[in-house]
Asks: 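This structure is in structure tokens; I'll ask about it shortly.
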Amino acid sequence: MLDAQHNEVAGAVAAPAIPRAGRKQSDWIAKAAAKRGMLLSIPAWVMIAPLFFLPLAVSLRLSFYDKSLGLPVEPSFVGFENYRTDVFTSTFAEALFKTLVILVLGLLIQFPLGIAIALALHRRFRGRGIFRTLILLPMLLTPVAVGLMWRFMYNPELGIINWWITQLGLPPVDWLGSPWPAVVAVTLVDSWQATSLVVLMVLAGLSALDTAPTEAARVDGASSWQLFRYITFPALLPILLVTLMLRVIDGFKIFDIIFILTRGGPGTATQSVSLLDYNVAFTFLATSRASAIGVVLVLLTLPLYFLWRKVAKLQEQA
Amino acid sequence: MRRHNHVTAVAVTAVAALLLAACSGGGDDAGTATTSPATEDSTATEAAASTCEAVNVFLIPSPSADAIKAMTPAFTEATGINVEFTEVEYGTAHQKALLSISSEQSAFDVVQFDNTFLAAFAKAGALTDISSLAADSAEYDMNDFPASLQNYGDFDGAKYGLMLSTEPFIQWYRGDIYDELNLKPATTWDEYKSNAQAIQASGLADGQMLGFGPNTTWWWMQVLWSFGGALYDADFTPTVNTPEAVAATEYYKSLLEFSPQGALGATGDDVTLQFVGSDIGQMVQYSGYAAGIYDPESSSNAANIRVAPVPAGAVNTVELAGWNIGIPSDAPSPECGWQFLEYMLGKTNAKTLLENGAAAIGRTSIIEDPTLQEKYPYLSLLNIAPDVVVNTYPQIVVWPEFDKVASDNLAKILSGDIPIQEGLDAMQAALEPVMAKEPR
């Protein structure tokens, strides 16, 4: 009796059983919806394909030929020769190394600084709006203008940076004429501009955070550091991951600031992979060789997206 | 399921794109055959030109390009021909121009290019042979050019470009500093160094300025040739680690001691900017920078700057650079293009072109004009003496890559990372595969 009653109650609160015919219908509706979604997205893919997949495909094909704008011969198939002469070389390895150095050093500056500034700007104080605008200004400037401005600032004799250094009693530095100072100089300029993006993203994340846990923790006597470490930072992780992915992809593409500041010099001290690719394509006019480098660059950055998706998924599951 | 369908759609689209690319043609033709101009008879040219309505001109931002644009309204008024300009910055200009011409877009009637790309353009069949047009034109008047400048723009015996600017290396020096220290302009590289030492020791200024940065090969080549060295031999084998090259590089590097801070990273433009903006006793720089050097608004010492020929070494030689301008092989109206060039670069308007701010072209009628010499003191130096060996940038297709490899290796030598002989040996080894690509 009790079992029967129990079953009756259980039946009442449980989800109503879908009859067999109903299950088939809901499956069909779901499939139809999925198909409709796919069909509706095709126009977008048709637009994206020529802008993304087609150039990539053409570039891939070109990388197996010996096309050069300056040579009068019909390009012939050379297989992986361009990869051998332009990718598996010490020049490419050095360019990749320098790209990674600038990227990693930059991230070590941009993220701590960006988070700190965002936390400061998230508080209420007089003039907060003005400071927020000023902090975002570097991001709004074109890289060419930024590079030119900093080039003058780095001038060893006339630049303001060395003036400040000498005021502190230190010897002036030939920022753009020495290999490792040039790497630091490029990193600082890139970080000066990129930190604004980190600030913006973190500010957006902070604005969306639920304040209840923070308030509760504050009532319980948590310190600022504890609040940040156990509540704010974990909550910001998804935003930080997205920002990290964007910055890493940008880092691999770094070109314009280096081009204006040092042209990749002195020598190849600050030559990034993008700049190397530019030189091969536009200076050497070696289109196929440049395509080989470009293909490898795409292969290097593509896994970053999938890595980010995987981490984001793990985040969600956690 | 939904994600699977999306992935399928993406994969299908990607495969379609790949198939599309694979089925496409065998790439652009590398170039078209050079074409003779439609007519070599001046009367016919005039008749054809009278039907011209417009010319399309490809320019690279420069004082010469600005001067051409400034003269265009007068050209249009005189001829009734409208002019459309396309200006592309130096970094991508040559690639864009070559791509346009080799794919026969017929976009331009006139194209400006750096002389360093003459070989690449000519080999690719991108330029019209204008030898007879130039030779037969009374207005252009080839005889108005010194013999040493008449073949600037020639490749393999044919003329593919007119001279748009004549820019030899010359010696620029601060007359006030020289007078105070009782110095004379150097006639040899030893004297140049000696002057630099004296100026540096006096404390009045830095001794000298050359560019040891991304454009270092500009000056290194001048010194190399002066010391009797060469970049490669007749078989296109690099010769950059010979005893002459080592001696030249030792000398070149020794000048760093008398250079201002920043010389190691200075580009070609930086050299001039620093010379005009700070106290530096002397520099070697192309004459094409004259406008900025003499401009009192940008040059704080404009009134004190004097000129002299570039110093000589074992070989009395000068490096000659400058712009060329020609007619693309796919020009829709080559006759109209030639009419435009005749007007802009002809004898009649040569003075106007100069006075509109262009870098001087070494016409005898210009460089020997006393009024112009007074206004532009460097003009007489464009009349290069017959006993001076004129060296232009190497006319090889692979020159841009050669230049980059050489300057990358020079940077390591100049910064002291490696000894000179070792650095030049490394340069030699790096240049050999580059020169192997040069079409024979």
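Residue numbering restarts at 1 for every chain, and letters A, B, ... go by the order of the sequence lines.
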Asks: Could you give the distance from CG (Leu98(B)) to CZ (Phe282(A)), rounded to the nearest 0.5 Å?
Replies: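 Interatomic distance, Leu98(B) CG to Phe282(A) CZ, rounded to 0.5 Å: 12.5 Å.
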Asks: Hey, which of Leu176(A), Thr283(A), Asn279(A) has the most heavy atom pairs under 4.5 Å with chain B?
Replies: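 The option with the most such pairs is Thr283(A).
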Asks: Kindly compute the distance separating CG (Leu69(A)) from OG (Ser100(B)), expressed to the nearest 0.5 Å.
Replies: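 Interatomic distance, Leu69(A) CG to Ser100(B) OG, rounded to 0.5 Å: 11.0 Å.
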Asks: With a 4.5 Å cut-off on heavy-atom pairs, point out which of Pro400(B), Gly265(B), Ala120(B) contacts chain A the most.
Replies: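 That would be Pro400(B).
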Asks: Of the listed residues (Arg151(A), Gln271(A), Glu157(A), Arg263(A)), which shares the most heavy-atom pairs with chain B below a 4.5 Å separation?
Replies: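 Top count of heavy-atom pairs under 4.5 Å with chain B: Glu157(A).
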Asks: Please classify the contact between Pro260(B) and chain A as side chain, backbone, both or neither, with a heavy-atom cut-off of under 4.5 Å.
Replies: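 Both parts, heavy atoms under 4.5 Å.
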Asks: Indicate the atoms forming the closest heavy-atom contact of Pro266(A) with Ala411(B), along with that distance.
Replies: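 What the structure gives for the nearest pair is C-CB, 4.0 Å.
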Asks: In terms of heavy-atom contacts, does CD of Glu257(B) have more than 12 from other residues, nucleotides or ligands at under 6.0 Å?
Replies: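 Count not over threshold, so no.
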Asks: Given a strict heavy-atom distance threshold of 4.5 Å, which part of Phe117(B) is in contact with chain A: side chain, backbone, both, or neither?
Replies: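 Phe117(B) touches chain A through side-chain heavy atoms alone.
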Asks: Quick check on Ala281(A) against chain B: is it the side chain, the backbone, both or neither that has a heavy atom closer than 4.5 Å?
Replies: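 Answer is backbone: N, CA, C or O of Ala281(A) sit under 4.5 Å from chain B.
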Asks: With a 4.5 angstrom heavy-atom cut-off, could you sort out which part of Thr287(A) is near chain B: side chain, backbone, both or neither?
Replies: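 No part of Thr287(A) comes within 4.5 Å of chain B.
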Asks: Are there over 12 heavy-atom neighbours, none belonging to Ile160(A), within less than 6.0 Å of that residue's CD1?
Replies: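 Open.
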Asks: Considering only heavy atoms and a distance below 4.5 Å, find which of Pro50(A), Ala182(A), Pro156(A) pairs most often with chain B.
Replies: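 Option with the greatest count: Pro156(A).
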Asks: How about Trp163(A): does its CH2 atom have over 12 heavy atoms from other parts shown lying under 6.0 Å from it?
Replies: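 Yes, CH2 of Trp163(A) has more than 12 neighbouring heavy atoms, counting only those of other groups under 6.0 Å.
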Asks: Is Arg36(A) close to chain B through its backbone or its side chain, or both, or neither, when contacts mean heavy atoms under 4.5 Å?
Replies: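 For Arg36(A), neither part sits under 4.5 Å from chain B.
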Asks: To the nearest 0.5 angstrom, please state how far the NE2 atom of His94(B) sits from the CG atom of Leu285(A).
Replies: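 The CG atom of Leu285(A) is 9.0 Å from NE2 of His94(B), to the nearest 0.5 Å.
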Asks: Answer with side chain, backbone, both or neither: which region of Asp270(B) has an atom nearer than 4.5 Å to a non-hydrogen atom of chain A?
Replies: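 Side chain only.
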Asks: Determine whether more than 12 heavy atoms belonging to other residues, nucleotides or ligands lie under 6.0 Å from atom CZ of Phe88(A).
Replies: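 Not more than 12 within 6.0 Å, no.
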Asks: Heavy-atom distances under 4.5 Å only: say whether Asp114(B) touches chain A with side chain, backbone, both or neither.
Replies: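 Neither the backbone nor the side chain of Asp114(B) comes within 4.5 Å of chain A.
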Asks: For Asp66(A), which atoms come within 4.5 Å of any heavy atom of chain B: side chain, backbone, both, or neither?
Replies: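 Neither part; nothing is under 4.5 Å.
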Asks: Quick one, Thr268(A) and Lys404(B) - any side-chain contact, counting heavy atoms below 4.5 Å?
Replies: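 With C-beta onward as the side chain, the pair touches.
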Asks: Side chain, backbone, both or neither: which part of Tyr278(A) has an atom under 4.5 Å from a heavy atom of chain B?
Replies: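 Tyr278(A) touches chain B through side-chain heavy atoms alone.
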